[in-house]
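Indexing begins at 1, ligand by ligand and atom by atom, following the structure's order. All values below were derived from every heavy atom in this structure, side-chain atoms included, with hydrogens, water molecules and symmetry-related copies excluded.
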Amino acid sequence: MAHGSQRVARLSIDDKEIDLPVMAGSEGPNVIDVGALTSQGYFTYDPGFVSTASCDSEITYIDGDAGVLLHRGYPIDQLAEQSDYLELCYLLLNGELPNAAEREQFNTTVKRHTMVHEKLRTFIEGFRREAHPMAIMCGIVGALSAFYHNSLDINNEEHRRRTALRLIAKMPTLAAMSYKYARGEPFVYPRNDLSYAENFLHMMFATPCEDYEVSPVIARAMDRILLLHADHEQNASTSTVRMAGSTGANPYACIAAGIAALWGPAHGGANEAVLNMLDEIGDERNIDKFVAKAKDRDDPFRLMGFGHRVYKSYDPRAKVMQQTCHEVLNELGVEDNPTLRMAQRLEKIALEDSFFVEKRLYPNVDFYSGIILKAIGIPVEMFTVIFATGRTPGWIAHWNEMIGGAYRLGRPRQLYQGHQQRDFVPLAQR
Ligand code: SDX
């Protein structure tokens, strides 16, 4: 219905009629502004925020039914084909694609910020050798605020710009350090003559003993993996960054919170969980048994890499990732890869089996990424670290969009199901 030009949803409850404003975005579903409910004595109830828009944003749009993903309006398949990761970082942060001069300046500036303070080498050595690299990343990224205390004013646009550049530039260096530390190998310094992805692979795999040549195909694949993970609307880790940011916490603390949230196997930890699942299945002959487990509601087992809160059709990133997977395995001469064969058989079953079709469980971005990373020689425990590295510009762009605009402290309420008030019982009477 309409009140003048304002559309409203009228809620009739008890003896009340409450008119709630309906707001339209540039794409996607309209939203009902429920802010007035509190004054009427009601909260909304939406565990998992399945039907809740937590904010308005201009950065990324997802149409889960159509399998559409747009970054500042540009489709992910066109960006994957025609752009590169650093250019997408610029787009996410600034809202427009850079011209040649802007692109050159951004890339050069990022390159000149890839080194980290030497004291971070001492910091990382405080971890046990067998520490999970995601534990190291949570700690070391949060610790960055201790090194940049003179540019942490979140209301200073220049401080926010500098922080964005520092994080995008330093995440690959920190990620590679967490890998080298676990292997007991010396850290490899970044090099300014290499591209972003080449530099990351070089810091991961080079040693002082011999020159390390980065394969252009592998570097392109790594760049595409980072690009495909760059942002994804209000997912769990990005919402965590926004929640932490709404308290006024410094950006390094907010990104560290996002890294921690990403770690879970239902979210960014799924790529590691996919490979662990394929290892557990072990052989194509066991696939049917595990598919049956995934269908059994009494069995907590789920097919990792399948299903998505928003995509109820094929994740557009998974399509690009699948193509990249074949390119990399072909380049490495391991196209006849038992893990890939098992994954493809699993995907075929899931796309045909009525259980998965009815629940609209399609492969997601994590399904193929792990196979590519394993083929490149990256250990499973580093997979989510690479997801976090790729997602950094998205986290920063959402944090910056919130802090740069009008925002409020995030503070959800609850449906209280506990005891009503009762008097304390002295110990002697219990
Ligand atoms: C990412 O949000 C994002 O954008 C995330 C992400 C990003 O870029 O930031 O896209 C990255 O996190 C991708 C998702 C990676 N996670 C996994 O691959 C883990 C396996 N997937 C599931 O855990 C699950 O699909 C979720 C968590 C991803 C989504 O779950 P929802 O939306 O909460 O849906 P649900 O759990 O309620 O599932 C609906 C039904 C349930 O059955 P019923 O209770 O209705 O009978 O489908 C079943 C689930 O049991 N189901 C699965 C399943 N996923 C859902 N059954 C078997 N295997 C699965 N993988």
Are any of the side-chain nitrogens in Asp299 or Lys293 under 4.0 Å away from the carboxylate oxygens of its partner?
-> yes

Protein heavy atom at shortest distance from atom 60 (N) of ligand 1 | Leu303 O, 2.7 Å

Identify the heavy atoms of Met134 and Ile259 that sit nearest to each other, and give their distance.
-> CE-O, 3.4 Å

Hey, which atoms in ligand 1 end up nearer than 4.0 Å to a heavy atom of Pro265?
-> 16 (N), 19 (C)

Within 6.0 Å of CD in Glu185, more than 12 heavy atoms from elsewhere = yes

Atom 52 (C) of ligand 1: of Leu69, Val365, Leu361, Asn235, the nearest heavy atom sits on Leu361

Element-labelled atoms of ligand 1 that are located less than 4.0 Å from some non-hydrogen atom of Gly307 = 25 (O), 28 (C)

Side-chain donor-acceptor pair under 3.5 Å between Thr238 and Glu233, yes or no?
-> no

Classify the side-chain pair Asp46/Thr44 by whether it contains a donor and acceptor separated by less than 3.5 Å.
-> no

Classify the side-chain pair Tyr42/Asp14 by whether it contains a donor and acceptor separated by less than 3.5 Å.
-> yes

Would you say Ala273 touches ligand 1, if touching means a heavy atom closer than 4.0 Å?
-> no

Considering Ala266, Ser239, Gly268, which one's heavy-atom position lies nearest to atom 27 (C) of ligand 1?
-> Ala266

Testing His308, Lys319, His229 for side-chain contact (heavy atoms from CB on, under 4.5 Å) with Val365, which one passes?
-> His229

Which ligand 1 atoms does Ala270 reach within 4.0 Å, using its non-hydrogen atoms?
-> 15 (C), 16 (N), 17 (C), 18 (O)

Which is closest to atom 3 (C) of ligand 1 in terms of heavy atoms, His229, His308, Lys295, Arg309?
-> His308

of all protein heavy atoms, closest to atom 1 (C) of ligand 1 is Asp366 OD2, 3.6 Å

Of all protein heavy atoms, the one nearest atom 26 (C) of ligand 1 is Arg302 NH1, 4.5 Å

Report yes or no: does a heavy atom of Arg391 sit under 4.0 Å from some atom of ligand 1?
-> yes

Identify, for atom 43 (P) of ligand 1, the protein heavy atom at the shortest distance, and state residue, atom and that distance.
-> Lys359 NZ, 3.5 Å

Are side-chain N/O atoms of Asp231 and His398 paired as donor and acceptor at under 3.5 Å?
-> yes

May I ask whether Arg317 places a heavy atom under 4.0 Å from ligand 1?
-> yes

The protein heavy atom nearest to atom 11 (C) of ligand 1 is His267 ND1, 3.8 Å

Counting from 1, what ligand 1 atoms have a heavy atom of Arg297 closer than 4.0 Å?
-> 44 (O), 46 (O)

Which of the ligand 1 atoms, numbered from 1, are nearer than 4.0 Å to a heavy atom of Gly305 | 17 (C), 18 (O)

Hey, does the Lys NZ or Arg CZ of Arg121 hover above the aromatic six-ring of Phe187, less than 6.0 Å from the centre and inside 45° of the axis?
-> no

Full working for ring-ring contact (aromatic ring centres under 6.0 Å, His included) between His267 and His232 | CA-CA 12 Å; His267 186 18; His232 213 239; 9.1 Å; no

